[in-house]
Amino acid sequence: EPDSRLVAMLRSPSEILFGTGQRGALGRVARRYGSRAFVCADPFLADGSHFKELIEGLREAGLSVVTFTEVVPDLPVDGVAAAVAAARQCGADVVIAIGGGSCIDLAKVTALLLSHGGELEDYYGEFRVPGPVVPIIAVPTTSGTGSEVTPVAVVTDPRRTSKIGISSPYLIPDVAICDPILTLSCPPAVTASSGTDALSHCIEAYTAVRRSSDPSLSASRVFVGRGEITDAFALTGLRHIVAGLQTACIEPSNIPARSRVMLGSLMAGLAFGTAGTAAAHAIQYPLGALTHTPHGVGVGAILPFVMEFNLKQRVPEMAAISRIFGVEAVTETELAAKAPDAVARFLAGIGIPSNLADLGVPEERLDWVAEQSMKATRLVQNNPETLTVMGVRGILQAAMSGP
Ligand code: NAD
C-alpha cells in the first residue's frame, strides 16, 4: 500500500546521460560550466585510450584542462589538500571526476573546499555545507557507489576509527555521464564488491524508514526520505543488478551485463541518495576499519543478517525482494522470510564472504564493532527495526558463524 499521504521526493543531478558512447558528450557538457576544467582521474586510466579521448574531447570543446591522478582508494583525507591546491591554482570553473567512487568523492570534497574553504572536518555529518559548490561532473568507471548522483562523500580520517561521511544536497554532481564501456576493465573482484554495494543500496533504501530528516524543511513539514519515487528506483535497480552482476563478474567484457549493472547502480544511487541506507552500512564502517576489506565486501557479508533482523518490520518489501530473486512461496510471509537467504546465496555466487569469520573479524572485537556501528547515527535511525548496541551485537553474532 502506498503511504496514505502519497508524498515523495527525489534529489538528483540536473542531467543524467546513460549508455554506451555517452562519454563522448563530456566536452560539450563541461563547456556549459566555463572554460577551465580540473579533472580528478583514477590512476588506472592514466595511460589508456579512454582517458586520452576524454581529455581531447574537453580540449576540442574549448576547455583548458588540468589533471590530477593521485586518487587513493577509500579517500584518505591527507591527500585532499593537494587536489584543492591544484584546482585553486588553475582557477577551476568545473571539477570533473573520471573514476570509481573514491575518485568521485575526491572531486566532491575538492569542489567543496574550493568553494567554502576551511577543513574537511568542519563539514562532517549532514547539512553542514553552507551553499553551492563549484559545478561537478561525474563520469563513473565502477558500478557500485552511485556517487555520481548522491549527496554523499565518504572519507577516511586517521583521527577517527571508522570512515566518515559528508552529506549535503550541494554535493550532488550537476551532471552524471554513465558509459558502461568505462567499466569493462574492472577486474572481477572490483565488479563483485562494487556491485554488492549497489545491491545493498537498493535493499536498504527500499526497506528504510519513512521520515522527515532535513531540519531546514521539517519546520514546514516537507517530506524528505524514502517514498514512492525512491521505491521505484530501488526495485528496478535491484532487478537490473540481479540480472547482470554474475555475468559481469564472469565475463568482464559482456556489454549488456555491464550495462544492466551500471544502470542498476545508478538507480540504486538515486534511491539511497534520497532514502538513505541503514544498518548494513553502519556496521560496515567499523568492519572495514578492522579488516581493511573493500566497502562492498563488508556490506555484503552483513546484509543478509541485517535483513533477517528487519524482517518483521518489512514483510511486503522483503516479499518483493524475494520475487526479484525468483523465489516462490505460498504465502507472502513465507516469501518474505526467504529474502535473506536468497540474497546470501546470490552474494556467495559472486565470491562475497558469507560470514564474518571469513571476512577476518576476530570474535573478541564484536563488542567494539557493535559500539562503533551505533556512532553512524543517521544510518542507525534509518533502520526499520530499532537498533541498539545489543541488537547490533546479536546481528554480529549470527553473522559470525554464517547461515
Ligand atoms: P574505488 O573507487 O575505491 O576503486 C577501487 C579500485 O578499482 C581502485 O584501485 C581503482 O583505481 C580501480 N578501478 C576503478 N575503476 C576501474 C576500472 N574501470 N578498471 C580497472 N580498475 C578500476 O571503488 P568504488 O567501489 O567505486 O568506491 C569505493 C569508495 O566509495 C569507498 O570509499 C566508499 O566508502 C565510497 N562510497 C561512496 C558513496 C557515495 O555516495 N559517495 C557511496 C558508497 C560508497
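The chain is numbered in sequence order, starting from 1. In listed order, ligands and their atoms are each counted from 1.
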Got a salt bridge between Glu15 and Arg32, using NZ or NE/NH1/NH2 to carboxylate O under 4.0 Å?
yes

Arg258-Thr191 side chain donor-acceptor pair, cut-off 3.5 Å:
yes

So is Gly144 close enough to ligand 1, meaning a heavy atom under 4.0 angstrom away?
no

Out of Ile177, Asp174, Val175, Val149, which one pairs with Pro13 under the side-chain contact (heavy atoms from CB on, under 4.5 Å) rule?
Val149

To which protein heavy atom is atom 9 (O) of ligand 1 closest, and what is the distance rounded to 0.1 Å?
Pro73 CG, 3.9 Å

Going by the order shown, which atoms of ligand 1 are within less than 4.0 Å of some heavy atom of Gly101?
2 (O), 24 (P), 26 (O), 27 (O), 30 (O)

Measuring only between side-chain heavy atoms, which start at C-beta, is Thr150 closer than 4.5 Å to Phe272?
yes

Can a protein heavy atom be found under 4.0 Å away from atom 17 (C) of ligand 1?
yes

For Glu364, does the CD atom sit with more than 12 other heavy atoms under 6.0 Å from it, leaving out its own atoms?
yes

Given Thr142, Thr145, Val152, which has its nearest heavy atom closest to atom 28 (C) of ligand 1?
Thr145

Enclosure of Arg345 CZ (heavy-atom neighbours >12, cutoff 6.0 Å):
no

Which option, Thr69, Val299, Thr150, Ile98, owns the non-hydrogen atom nearest atom 40 (O) of ligand 1?
Thr150

Tell me, which protein residue and heavy-atom name are nearest atom 6 (C) of ligand 1, and how many Å apart are they?
Val190 CG2, 4.3 Å

May I have the list of side-chain donor-acceptor pairs in residues 346-356 shorter than 3.5 Å, sequence neighbours left out?
| from | atom 1 | to | atom 2 | distance (Å) |
| --- | --- | --- | --- | --- |
| Asn355 | OD1 | Ala357 | N | 3.0 |
| Asn355 | OD1 | Asp358 | N | 2.7 |
| Asn355 | ND2 | Asp358 | OD2 | 3.4 |

Any pair counted as salt bridge (charged side-chain N to carboxylate O under 4.0 Å, His left out), so long as it reaches residues 73-89, sequence neighbours left out:
Asp74-Lys163

Protein heavy atom under 4.0 Å of atom 4 (O) of ligand 1:
no

Taking only non-hydrogen atoms of Leu182 and a 4.0 Å limit, the atoms of ligand 1 in range are 18 (N)

Taking non-hydrogen atoms only, is Asp42 closer than 4.0 angstrom to ligand 1 via side chain, backbone, both or neither?
side chain

For Val154, counting its heavy atoms only, list the atoms of ligand 1 lying under 4.0 Å from any of them.
34 (O), 37 (C)

Any atoms of ligand 1 less than 4.0 Å from a non-hydrogen atom of Ser194? List them with their elements.
25 (O)

Is it the side chain, the backbone, both or neither of Asp74 that has a heavy atom closer than 4.0 Å to ligand 1?
both

Who's closest to atom 1 (P) of ligand 1 heavy-atom-wise, of Gly298, Ser102, Gly99?
Ser102

Which ligand 1 atoms are under 4.0 Å away from a heavy-atom of Asp197?
43 (C), 44 (C)

Can you tell me which residue and heavy atom of the protein come closest to atom 19 (N) of ligand 1, and the distance to 0.1 Å?
Ser185 OG, 2.7 Å

With respect to Thr141, determine whether any N or O atom, backbone or side chain, lies less than 3.5 Å from an N or O atom of ligand 1.
yes

Whether the Glu126 and Ser168 side chains hold a donor-acceptor pair (N or O, under 3.5 Å, no angle test) is what I'd like checked.
no

Could you check which of His50, Lys163, His201 puts a non-hydrogen atom nearest to atom 32 (O) of ligand 1?
Lys163

Just by distance, no angles: are the side chains of Ser147 and Thr145 close enough, under 3.5 Å, to form a donor-acceptor pair?
no

Between the candidates Leu45, Thr156, Asp105, which shows the shortest non-hydrogen contact distance to atom 37 (C) of ligand 1?
Asp105

With no hydrogens and no angle check, just 3.5 Å: does a side-chain donor-acceptor pair link Glu251 and Gln246?
no

How close do Glu204 and Thr277 get, counting heavy atoms only, and between which atoms?
OE1-CB, 3.7 Å

Show the atoms of ligand 1 that are less than 4.0 angstrom away from any heavy atom in Phe272.
40 (O), 42 (C)

Which protein heavy atom lies closest to atom 13 (N) of ligand 1, and at what distance to 0.1 Å?
Phe44 CD2, 3.6 Å

Looking at CD of Glu385 and OG1 of Thr207, how far apart are the two atoms once the value is rounded to the nearest 0.5 Å?
12.0 Å

